[in-house]
Student: 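Questions regarding the structure given below will be posed in turn.
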Amino acid sequence: MDEKNKVRLTKGDRFKVFWRSQFLQASWNFERMQNVGWAYSMIPALKKLYTSKEDRASALKRHLEFFNTHPYLAAPVLGVTLTLEEEKAGGEDIDNAAIQGVKIGMMGPLAGVGDPVFWGTLRPVLGAFAASLALSESWLGPIIFFLAWNIIRMAFLWYSQELGYVQGGNITQNLSGGLMQKLTQGASVLGMFIMGVLVPRWTAMNFPMVISRVENAEADMIDFAAISEAANEGLLSGDMLRNVVADIQAGMAIQPEEVTTLQNTLDQLLPGVAPLLLTLFCVWLLRKKISPIAIIAGIFVVGVIGYVLGILG
Amino acid sequence: MNIFVIILVLLVAFLAGMEGVLDQFQFHQPIIACTLIGIATGNPVDGLLLGGTLQLIALGWMNIGAAVAPDAALASVASAILVTLRGADVSEGIALAIPLAIAGQVLTIFVRTLTVGIAHAADGKAKEGSFRAVELLHLGALMIQGLRIAIPAGIILAVPAELVTGGLNAIPEWLTGGLAVAGGMIVAVGYAMVINMMATPKLWVFFALGFALSAVGQLNLIAMGIIGVVLALLYLQFSPEFNQGGGGGGSSSGGDPLDDILNDY
């Protein structure tokens, strides 16, 4: 009937909202958290849908209400809200409370998905992989981390916002159903597995404390004196060297003493057992509500004392 | 140290500060921030190594809900400046990163409190229907978050190099050695934080399997990643909690409305 009924948000408008949603948390505050960022993201759409000053003021006001969720999972909520605003501007009877209700209703469950999937699994897994490359001085580490993360993130932001826009209110029902739960569970399985993989690989713990010294019998040792004598007299031959290598491979000793450190013993038991116990101990401490920084400080103290006493090295 | 280096370092610091709150492009993550600082100061390899090590330590630093995590941005930027420009060892950089992370956390909590005022200013401008003013306030808050890291970085750059080097050299050997030992161990805290967030009694078996394969095998991380994904898919297919009610196996995928939507989409 009237002109407003025909206003539709184009793909371009929705893209602007998507781009701005990346700055959702810029003015994160302890009172209403992501509220200004939410309004900031909605502005391109509000600008198009409302032209009078009164309409714009009331639209801004309703989008400056409290909002907080995982910064990426705000995207589907934005999509749904865009549809609602479009209908409201077109004359449908949707009040402010209904819009705020949709936002509040979606943000809790979605944050519960975003935190374990993005912060709990994807970033640690990608970060650990990239760090392992970086520690072997490969530039691919930071490059892969940056590209992979941002491609996944942007694709997720755009497509989940579009999904919210197309599905409207139905999405809430769908999201609370099986898929989100599956995603969270699957991510947790992967995450726990990779954490298990990481524990023995990059936790550096070494116990150089000597447990036993055993002198090797002369017959079990390679006779280095004879070889150096032969070399000095110019009599060293290829066969002699070949014999030495064969003897070493056969298990003959190189050192006059067999030194066993605490680390050797632990490695025989199970390689990586010390990092495993340390990690499990840290989990236990975290569950006792001890802050991570306090645990780190404690490890520094233990490290220094252990090093001075010669237990750790 | 020329003016060009200073500008580049401050720029990276500013980016890291903004990302510390946005959490989108990840410029605040050690592996990116330390590497960029290393490139800016002409010591890229040191930056890369520090970044890799700090990344493992910071694996579990995440902002959840209203809780603010230790700040990776200040930890990465400041310790990378000390390592790549002032000649600190990587192990010293790691030891310094921890108090820096707490300092950064305090600073971001301060800024996040300050922005309550910005939110109220935005309320006022909203009454006038001024989109532009709300946008400027929002981005202004982002600038403050950038300066939160850029200003401390500038202060560290301004301290005379001899003073920093002298201070670092004054650290006794037993302390640097001990810190290096501890630096190798504290990654366990990062792992523990991630585990603590995800672990349910059912999921510990996957942790155990990963540990066993990794401790005695030679598989690289890509192979491990593939195994992990396969395990996750198998778990979803066979776990009874996702297969209830349906008569046959096929119903689990067919009965999922979002699957259909995603397929059509």
Side-chain angles (χ1 to χ4, degrees), chain A residues 22 25-32 36 40 43 53 56-57 60-61 64 71 115 119-120 124 127 129-131 134-135 142 145 149 174 178-179 182 186 188-197 199-204 271-272 278-279 282-283 286 292 295-296 299-300 303-304 307-308 312, chain B residues 21-24 26 31-32 35 48 51-52 55-56 59 62 64 98 102 112-113 115-116 118-119 122 126-127 129 131 134-135 138 141-142 174 177-178 181-182 184-189 191-198 203 206-207 210-211 214-215 221 224 228 231-232 235-236 256-258:
Chain A
Q22 300 183 99
Q25 307 212 91
S27 59
W28 197 101
N29 61 85
F30 278 111
E31 190 187 80
R32 277 167 288 163
V36 187
Y40 176 81
I43 281 176
K53 195 184 155 197
R56 287 186 165 188
L60 270 179
K61 187 171 179 293
L64 281 169
D115 291 331
W119 299 159
F129 176 61
L135 291 177
F145 179 81
W149 181 268
N174 293 331
L179 187 91
K182 273 189 179 177
S188 299
V189 168
L190 174 63
M192 284 296 276
F193 178 78
I194 294 292
M195 284 304 125
V197 169
V199 164
R201 293 238 170 150
W202 284 292
T203 320
L278 177 66
T279 307
C282 289
V283 174
L286 287 172
I295 302 175
I296 289 175
I299 291 180
F300 272 116
V304 170
Y307 179 77
V308 171
L312 287 159
Chain B
V21 70
L22 292 180
D23 232 336
Q24 301 270 350
Q26 308 297 309
I31 194 158
I32 306 288
T35 307
L48 184 68
Q55 185 69 41
L56 288 174
L59 281 186
M62 42 190 146
I64 291 179
I98 305 307
I102 303 172
R112 285 162 188 240
T113 311
T115 43
V116 171
I118 287 186
K127 280 198 194 104
F131 288 143
V134 172
E135 287 170 357
H138 182 62
L142 188 59
W174 58 266
V181 166
M185 290 160 62
I186 53 177
V187 294
V189 183
Y191 301 151
M193 289 171 78
V194 178
I195 292 167
N196 189 35
M197 174 186 193
M198 288 188 295
L203 294 177
F206 296 102
F207 176 81
F211 176 81
S214 173
L221 260 190
M224 290 292 193
L231 284 173
Y235 181 79
L236 293 182
D256 190 334
L258 199 60

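Atoms considered below: every heavy atom in the structure, side chains included; atoms not considered: hydrogens, waters and symmetry mates. Each chain gets a letter, A, B and so on, in the order the sequences are listed, and its residues count up from 1.
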Student: Heavy atoms only, distances under 4.5 angstrom: which of B:L231, B:I118, B:L203 has the most pairs with chain A? Name it, please.
Tutor: B:L203

Student: Pick one of side chain, backbone, both or neither for B:V194, based on which atoms fall under 4.5 Å of a heavy atom in chain A.
Tutor: side chain

Student: Which one, B:G51, B:G177, B:A232, B:A119, leads in non-hydrogen pairs under 4.5 Å with chain A?
Tutor: B:G177

Student: If you tally heavy-atom pairs under 4.5 Å against chain A, which of B:V187, B:N196, B:I102 wins?
Tutor: B:N196

Student: Hey, which of A:I194, A:L278, A:T203, A:V283 has the most heavy atom pairs under 4.5 Å with chain B?
Tutor: A:T203

Student: Looking only at heavy atoms, what is the nearest atom pair of A:T279 and B:A188, with distance?
Tutor: OG1-CB, 3.8 Å

Student: Need one label for B:E135: side chain, backbone, both or neither, based on atoms under 4.5 Å from any heavy atom in chain A.
Tutor: both

Student: Against chain B, label A:V308 side chain, backbone, both or neither, depending on which of its atoms sit under 4.5 Å from a heavy atom there.
Tutor: side chain

Student: For B:T35, is it the side chain, the backbone, both or neither that has a heavy atom under 4.5 Å from a heavy atom of chain A?
Tutor: side chain

Student: Quick check: closest heavy atoms across A:A26 and B:L22, and the distance to 0.1 Å?
Tutor: N-CD2, 3.5 Å

Student: B:T115 side chain to A:W28 main-chain N or O, any donor-acceptor pair under 3.5 Å?
Tutor: yes

Student: What part of B:M197 gets within 4.5 angstrom of chain A, counting heavy atoms only: side chain, backbone, both, or neither?
Tutor: side chain

Student: What distance separates A:M192 CE from B:F207 CZ, expressed to the nearest 0.5 Å?
Tutor: 6.5 Å

Student: Going by heavy atoms in the side chains, are B:I186 and A:F300 under 4.5 Å from each other?
Tutor: yes

Student: Can you give me the closest heavy-atom contact between B:Q55 and A:G127, atom names plus distance?
Tutor: CG-O, 3.7 Å

Student: Report yes or no: does B:S214 contribute a side-chain atom to a donor-acceptor pair with the main-chain N or O of A:V197 at less than 3.5 Å?
Tutor: yes

Student: Is it true that a side-chain atom of A:W149 and a backbone atom of B:Q24 form a donor plus acceptor pair closer than 3.5 Å?
Tutor: yes

Student: With a 4.5 angstrom heavy-atom cut-off, could you sort out which part of A:Y307 is near chain B: side chain, backbone, both or neither?
Tutor: side chain

Student: Do you know which two heavy atoms are closest between B:I31 and A:F145, and how far apart they sit?
Tutor: CG2-CD2, 3.7 Å

Student: Using side-chain heavy atoms (C-beta onward) and a distance below 4.5 Å, is B:V134 in contact with A:Y40?
Tutor: no

Student: Can you confirm whether B:M193 sits close enough to A:L286 that some side-chain heavy atom of one is under 4.5 Å from a side-chain heavy atom of the other?
Tutor: yes

Student: Could you check if a side-chain atom of B:F206 sits within less than 4.5 angstrom of a side-chain atom of A:M195, using non-hydrogen atoms only?
Tutor: no

Student: How close do A:C282 and B:V189 get, counting heavy atoms only, and between which atoms?
Tutor: SG-CG2, 4.0 Å

Student: Test B:M62 against A:D115 for side-chain contact (heavy atoms from CB on, under 4.5 Å), laying out the working first.
Tutor: CA-CA 9 Å; B:M62 42 190 146; A:D115 291 331; over 6 Å; no

Student: Of all heavy-atom pairs between A:S27 and B:H138, which one has the smallest distance, and what is that distance?
Tutor: OG-ND1, 2.8 Å

